[in-house]
Amino acid sequence: MKPQLFSFNRILSIILGTLLIAIATNGILLPNHLLSGGVNGISMLFYFLFNFKVSVLVILINIPIFILGLLFLRKTYLAYSLFGMLMLSFWLEVTDCISIPTDDTLSILVIAGLLHGLGTGIIFRADGSTGGTDIIAKIINKYFSINMATVTLSLNTIIILLSIYFFNIDIAVLTISTMFISSQVVNFVVDGINRKRTLYIITDAMHFEELSATLLKELHRGVTMIPAIGAYTSATKYILFTTVSVREVAKAKQIVLNIDSKAFMTVTETSQVIGNGRGFTHLDQRS
């Protein structure tokens, strides 16, 4: 199946997300001398130092990055990234006169982090981008297998160090705090509140059928059985694989202990469930 080249929902999400980022930038961050991450943060740094317009700098700094992206990344992704970058620049210009009046440090951090994180999360949820460090991170991840989050964190660390050098450590700490709140909001928007847990249960041949049947009946969740052999004992084992909600973990533990007290069970966090296994619907694909 060919990838969808045009998505109205994706475009609408980018428009709304960049608007919220622009409001956070002009309404809270710039008036309080704070920075954000990525190219937007670098543009804000130049604004504070040389009074250059942030909206213009966002475009200028992104030009060489997009040229680099043309050599290594999919054109569809770059097209949406270009649209996101231009929309961010547009909204930064339109919202230039907006100012959210507050002198309370906590209010500044929460409002800025909430607006910026919500905007970024909406964009990421739609698989969109505003270019900049996202493109750099994707290229490094593609060719060097370095996690994108690690690359982004490294680039944002450089921005924080520059903030300390040119301003003071108080501004840097406030910037870090805002970035942290923003990142938590992004995770919430992208992954949702209803996070899942994946269970791996290793049991023996005597208990696997009863255990899987009970999990199916009591939790109403699909269970996958995988035959296995214990490396130490060479005994036949079965791995039961299932995904449940957080509140069902305790019940699943009790079921396992009641049926096979010697079973080995691990619980891992699962941020997204994609597919239509028993007990999950299309609504779970993004939760």
Side-chain angles (χ1 to χ4, degrees), residues 14 16-49 54-55 57-58 61-62 65 81 84-85 88-89 91-92 95 98-100 102-126 128-138 140-141 146-193 271:
I14 293 173
L16 176 59
T18 51
L19 172 60
L20 292 173
I21 293 174
I23 292 175
T25 301
N26 286 323
I28 291 286
L29 296 177
L30 290 180
N32 292 281
H33 228 69
L34 301 179
L35 302 175
S36 66
V39 167
N40 195 32
I42 297 172
S43 301
M44 294 164 68
L45 180 64
F46 278 95
Y47 167 80
F48 292 134
L49 294 176
V54 176
S55 58
L57 284 170
V58 165
I61 296 174
N62 266 295
I65 296 176
S81 297
M85 183 268 290
L88 177 59
S89 179
W91 286 125
L92 284 170
T95 61
I98 290 181
S99 178
I100 300 176
T102 178
D103 296 322
D104 182 75
T105 302
L106 181 60
S107 296
I108 291 170
L109 296 179
V110 172
I111 295 173
L114 181 63
L115 287 174
H116 198 283
L118 183 59
T120 304
I122 290 172
I123 294 171
F124 285 177
R125 189 178 175 95
S129 166
T130 56
T133 52
D134 292 343
I135 293 177
I136 296 174
K138 266 193 172 292
I140 294 176
N141 173 257
I146 299 176
N147 187 282
M148 288 183 63
T150 301
V151 177
T152 302
L153 177 63
S154 300
L155 295 172
N156 287 341
T157 300
I158 295 174
I159 294 175
I160 296 298
L161 293 175
L162 290 173
S163 175
I164 295 174
Y165 179 79
F166 287 110
F167 307 118
N168 56 62
I169 194 167
D170 293 331
I171 294 296
V173 170
L174 291 176
T175 296
I176 292 172
S177 302
T178 305
M179 287 181 176
F180 176 77
I181 295 173
S182 177
S183 68
Q184 296 306 303
V185 176
V186 169
N187 292 337
F188 176 82
V189 173
V190 174
D191 296 332
I193 189 173
S271 61

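Position 1 is the first residue of the sequence, and the numbers go up from there.
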**Message:** Is there a side-chain contact between Thr130 and Asn40 in this structure, where contact means two heavy atoms from C-beta onward sitting under 4.5 Å apart?
**Reply:** no
**Request:** Report the distance from atom CG of Asn26 to atom CH2 of Trp91, rounding to the nearest 0.5 Å.
**Result:** 12.5 Å
**Asked** Can you find a pair of side-chain heavy atoms, one from Thr175 and one from Ile159, that are under 4.5 Å apart?
**Response** no
**Message:** Whether the Asp134 and Ser81 side chains hold a donor-acceptor pair (N or O, under 3.5 Å, no angle test) is what I'd like checked.
**Reply:** no
**Prompt:** Any idea which heavy atoms bring Leu92 and Ser55 closest together, and the distance?
**Reply:** CB-CB, 3.9 Å
**Spacing of OG1 belonging to Thr120 relative to CG belonging to Leu115, to within rounding of 0.5 Å** = 10.5 Å
**Asked** If every non-hydrogen atom of Leu20 is compared with every non-hydrogen atom of Ile122, which pair is closest and at what distance?
**Response** CD1-CD1, 3.9 Å
**Fill in**
Hits for ring-ring contact (aromatic ring centres under 6.0 Å, His included) against Phe48, two or more places apart or cross-chain, chain-then-number order -> His33, Phe167
**Request:** Dump the intermediate steps for side-chain contact (heavy atoms from CB on, under 4.5 Å) on Leu29 and Met44, then the final yes or no.
**Result:** CA-CA 9 Å; Leu29 296 177; Met44 294 164 68; 3.5 Å; yes
**Item:** pair Leu174-Ile108: side-chain heavy atoms closer than 4.5 Å
**Value:** no
**Request:** In sequence, state the C-alpha distance, the side-chain angles, and the governing distance for Ile65 and Thr133, and then conclude on side-chain contact (heavy atoms from CB on, under 4.5 Å).
**Result:** CA-CA 8 Å; Ile65 296 176; Thr133 52; over 6 Å; no
**Prompt:** Tell me, do Leu88 and Ile21 make a side-chain contact under 4.5 Å, heavy atoms counted?
**Reply:** yes
**Asked** Counting only heavy atoms not in Phe166, do more than 12 sit closer than 6.0 Å to its CZ atom?
**Response** yes
**Complete:** Between Leu35 and Ser163 the two heavy atoms that sit nearest each other are CD1-CB, 3.8 Å
**Asked** If you count the non-hydrogen atoms of other residues, nucleotides and ligands that lie under 6.0 Å from CG in Asp103, is the total more than 12?
**Response** no
**Message:** Do Ile181 and Leu114 make a side-chain contact, defined as non-hydrogen atoms from C-beta onward lying under 4.5 Å apart?
**Reply:** no
**Asked** Which heavy atom in Gly27 sits nearest to a heavy atom in Pro31, and how many Å separate them?
**Response** O-CG, 3.7 Å
**Those residues that, when tested against Met85, pass side-chain contact (heavy atoms from CB on, under 4.5 Å) (two or more places apart)** = Val58, Ile59, Asn62, Phe66, Leu82
**Message:** Working to the nearest 0.5 angstrom, can you tell me the gap between Ile140 CD1 and Ile135 CD1?
**Reply:** 12.0 Å
**Request:** With rounding to the nearest 0.5 Å, note down the distance linking OG in Ser129 to CD1 in Ile14.
**Result:** 8.0 Å
**Residues in side-chain contact (heavy atoms from CB on, under 4.5 Å) contact with Asn168, at least two apart in sequence or another chain** = Asp170, Ile171
**Request:** Taking all heavy atoms of Thr18 and all of Gly84, pick out the closest pair and write down the distance.
**Result:** CG2-O, 3.5 Å
**Prompt:** Can you find a heavy atom in the side chain of Thr102 that is under 4.5 Å from one in the side chain of Ile28?
**Reply:** yes
**Ser43 side, atom OG; Leu57 side, atom CG - distance, nearest 0.5 Å** = 5.0 Å
**Asked** Going from CD1 on Ile158 to CG on Leu45, what distance comes out if it is rounded to the nearest 0.5 angstrom?
**Response** 12.0 Å
